[in-house]
Amino acid sequence: MARPKIALIGSGMIGGTLAHLAALKEMGDVVLFDIADGIPQGKALDIAESGPVEGFDAALSGTTDYADIAGADVCIVTAGVPRKPGMSRDDLLGINLKVMKSVGEGIAAHAPNAFVICITNPLDAMVWALREFSGLPHNKVVGMAGVLDSARFRHFLSVEFDVSMRDVTAFVLGGHGDTMVPLTRYSTVGGIPLPDLVDMGWTSQEKLDAIVQRTRDGGAEIVGLLKTGSAYYAPAASAIEMAQAYLNDQKRLLPCAAYVDGAFGLDGFYVGVPTVIGANGIEKVVDIKLSKDEQAMFDKSVDAVKGLVAACKEIDPSL
Ligand code: TXD
């Protein structure tokens with residue numbers, strides 16, 4: 001049986017890290033695509049040459065021709081520009097929307113049966129635009145944000161509680177922006193919900209609120225430190241977890257920017273929600289009951305995403 005084929009559309013900081021992780025985990029053969037000739041080919045060759053040392057078997061190649069992604073099982077899209085200090089994710093919309101058009105057409109032409117994971121920012125609008133441009137089924141196009149935002153939240157909590165990061169679970173809803181909604185009552189340490197840990201004196205509400213805010217600012221904190229780009233190790237690891245859930249039919253319950261039609265009172269909209277990912281892509285959107293406060297924060301987040309989608313339609317009336 002042939003190995004799965006993973007196409008990485010965009011071979012920059014996240015794309016290269018995705019290729020490296022996919023090879024190390026022997027997830028399948030990897031094709032790196034970019035418009036910058038030489039970058040995808042060089043990174044593919046360099047990672048391939050680490051194969052004998054790491055002990056993985058995978059065919060890696062780089063290309064600037066969409067024909068080479070033909071038949072990909074998974075496409076992970078990072079094509080576009082990242083933000084610089086002082087830029088918001090939303091500032092990237094104009095440039096990256098045009099990129100999504102060319103990427104969507106390339107995937108539609110050469111890998112229409114792929115599970116597509118969009119990473120490009122502003123994520124919630126770009127994943128919607130990518131789905132529109134590609135015409136792929138809604139359950140096969142998803143955005144990566146919630147897994148990353150939850151991972152950041154879980155990391156900060158594990159430091160606060162001095163427990164293994166593996167024993168912290170977290171739930172983040174809504175858009176991948178300042179309006180994201182970390183749900184503390186569904187986040188736990190070893191199954192103990194965070195509010196109980198506050199009552200047990202493991203932390204204080206003030207410290208918890210500060211951790212929630214640091215999670216919201218997680219991207220900007222790294223952009224401010226790196227100065228020349230944005231985060232790429234944790235974003236890549238997060239997208240790989242989603243790709244593995246699809247390729248191995250793992251039925252993982254993961255927070256993703258998915259197409260929501262009916263759940264959460266939404267009628268056809270991409271936003272961060274709990275999903276089940278398996279061999280059919282997004283197999284389920286988990287419609288949880290939100291408290292009044294949570295619903296208000298979620299609605300605010302949905303409105304922010306609606307604003308970005310409206311801006312996309314302004315720029316490209318074909319949407
Ligand atoms: O959680 C999340 N979703 C975010 C997403 C987490 C971190 C970064 N986020 C966004 O991912 C970031 O704001 C950017 O929009 C993307 C990619 O970030 P990365 O750090 O990988 O950017 P790079 O290193 O600049 O790589 C982008 C590559 C680069 O090699 C360009 O040549 C290429 O994209 N590029 C294109 N490829 C194909 N087609 C077109 N049109 C194109 N334009 C640029």
Side-chain angles (χ1 to χ4, degrees), residues 7-21 31-44 62-66 68-69 75-85 87-107 110 116-130 133 142-153 172 174-178 180 215-223 225-242 254-257 270-272 305 308:
L8 305 175
I9 317 298
S11 304
M13 297 307 287
I14 301 179
T17 308
L18 287 165
H20 196 202
L21 288 172
V31 177
L32 283 137
F33 174 94
D34 205 293
I35 53 169
D37 192 25
I39 298 290
Q41 298 93 335
K43 291 191 177 182
T63 184
T64 57
D65 180 355
Y66 271 112
D68 292 327
I69 74 166
C75 291
I76 307 178
V77 179
T78 60
V81 294
R83 48 179 172 155
K84 302 243 180 320
M87 285 176 79
S88 80
R89 294 178 179 97
D90 302 356
D91 293 336
L92 304 173
L93 187 139
I95 307 166
N96 287 346
L97 180 64
K98 294 186 183 65
V99 173
M100 289 305 100
K101 185 168 175 60
S102 62
V103 173
E105 288 163 356
I107 292 174
H110 300 283
V116 179
I117 301 169
C118 182
I119 296 183
T120 302
N121 266 329
L123 187 270
D124 305 277
M126 293 301 102
V127 63
W128 165 80
L130 184 59
F133 288 131
V142 67
M144 187 297 288
V147 175
L148 171 64
D149 295 330
S150 301
R152 286 172 169 160
F153 193 24
V172 176
H176 180 52
D178 301 342
M180 72 176 75
T215 303
R216 282 209 181 89
D217 300 336
E221 181 178 4
I222 292 187
V223 168
L225 288 167
L226 295 181
K227 302 208 180 17
T228 56
S230 45
Y232 47 97
Y233 292 117
S238 302
I240 288 290
E241 184 171 58
M242 294 165 66
L254 298 171
C256 305
Y270 270 93
V271 71
V305 177
L308 294 175

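Counting convention: from 1, in listed order, for ligands and their atoms alike. What's counted below: heavy atoms across the whole structure, side chains too, no hydrogens, waters or symmetry copies. From a predicted model like this one, the values you see are computed outputs, not experimental measurements.
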Min heavy-atom dist Val81 to ligand 1 below 4.0 Å: yes
When only distance counts, is Ser230 in polar contact with ligand 1, meaning an N/O pair under 3.5 Å? no
Should the proximity of Leu148 to ligand 1, defined as any heavy atom under 4.0 Å, be assigned to the side chain, the backbone, both, or neither? side chain
Kindly identify the option in Ala236, Ala79, Ser238 whose heavy atom sits closest to atom 37 (N) of ligand 1. Ala79
Spell out, as yes or no, whether a donor-acceptor pair under 3.5 Å connects the side chain of Lys43 to the backbone of Ser11. yes
Kindly say whether Ala129 contributes a backbone atom to a donor-acceptor pair with the side chain of Lys101 at under 3.5 angstrom? no
Ligand-residue contact atoms, ligand 1 with Leu92, heavy atoms, under 4.0 Å: 13 (O)
Carefully, step by step, assess Ile119 and Ile76 under the rule side-chain contact (heavy atoms from CB on, under 4.5 Å). CA-CA 7 Å; Ile119 296 183; Ile76 307 178; 3.7 Å; yes
Measure the distance from atom 4 (C) of ligand 1 to every protein heavy atom, then report the residue, atom name and distance (to 0.1 Å) of the closest one. Asn121 ND2, 3.6 Å
Give the atoms of ligand 1, by number and element, whose distance to some non-hydrogen atom of Val99 is under 4.0 Å. 40 (C), 41 (N), 42 (C), 43 (N)
Would the distance check show the side chain of Asp149 and the main-chain N or O of Arg216 forming a donor-acceptor pair, the cut-off being under 3.5 Å? no
Residue part near ligand 1, for Pro82, under 4.0 Å between non-hydrogen atoms: both
Just by modelled atom types, is the Gly218 backbone N or O under 3.5 Å from a matching donor or acceptor in the Glu221 side chain? no
Ser102 neighbourhood, listing ligand 1 atoms whose heavy-atom distance to it stays under 4.0 Å: 41 (N)
Exam field: side chain Asn96 to backbone Pro122, donor-acceptor pair closer than 3.5 Å: no
How close does the nearest protein non-hydrogen atom get to atom 29 (C) of ligand 1, and which residue and atom is it? Asp34 OD2, 3.5 Å
What's the shortest distance from atom 16 (C) of ligand 1 to any protein heavy atom, and which residue and atom give it? Thr78 O, 3.5 Å
Measure from the side-chain N and O atoms of Thr17 to the backbone N and O of Tyr233, and report whether any donor-acceptor pair falls under 3.5 Å. no
Roughly how far, to the nearest 0.5 Å, is CG of Leu308 from CG of Leu92? 10.5 Å
Interatomic spacing from OG1 in Thr78 to CD1 in Ile117 - rounded to 0.5 Å: 11.5 Å
List every atom of ligand 1 that sits less than 4.0 Å from any heavy atom of Pro235, numbering the atoms from 1 in the order shown and giving each element. 6 (C), 7 (C)
Ligand 1 versus Ile39, non-hydrogen atoms closer than 4.0 Å: side chain, backbone, both, neither? neither
One finds that the ligand 1 atoms under 4.0 Å from a non-hydrogen atom of Asn96 are 15 (O)
Looking only at protein heavy atoms, which one is nearest to atom 27 (C) of ligand 1, and what is the separation? Gly80 O, 3.2 Å
Taking the side chain as every heavy atom from C-beta outward, state whether Val172 and Ser150 have any atom pair closer than 4.5 Å. yes
Heavy-atom nearest neighbour in the protein, as seen from atom 26 (O) of ligand 1, with distance rounded to 0.1 Å: Gly12 CA, 3.3 Å
Which residue holds the protein heavy atom closest to atom 5 (C) of ligand 1, what is that atom called, and what is the gap in Å? Ile119 O, 2.9 Å
Check ligand 1 against Ala231 and write out every atom of the ligand that is under 4.0 Å from a heavy-atom position of the residue. 7 (C), 8 (C)
Measure from the side-chain N and O atoms of Ser102 to the backbone N and O of Val99, and report whether any donor-acceptor pair falls under 3.5 Å. yes
Ranked by distance from atom 18 (O) of ligand 1, the top protein heavy atom is Ile14 CD1, 3.7 Å
At a 4.0 Å threshold, what atoms of ligand 1 neighbour a non-hydrogen atom of Phe33? 38 (C)
Could you walk me through whether Leu97 and Met126 pass the side-chain contact (heavy atoms from CB on, under 4.5 Å) check? CA-CA 7 Å; Leu97 180 64; Met126 293 301 102; 4.2 Å; yes
When you measure from the side chain of Thr64 to the backbone of Asp34, do you find a donor-acceptor pair of N or O atoms at a distance under 3.5 Å? no
Can you report which non-hydrogen protein atom sits closest to atom 43 (N) of ligand 1, along with the distance? Ile35 CD1, 3.5 Å
Residue Met144 vicinity, atoms of ligand 1 by number, heavy atom under 4.0 Å: 1 (O), 2 (C), 3 (N)
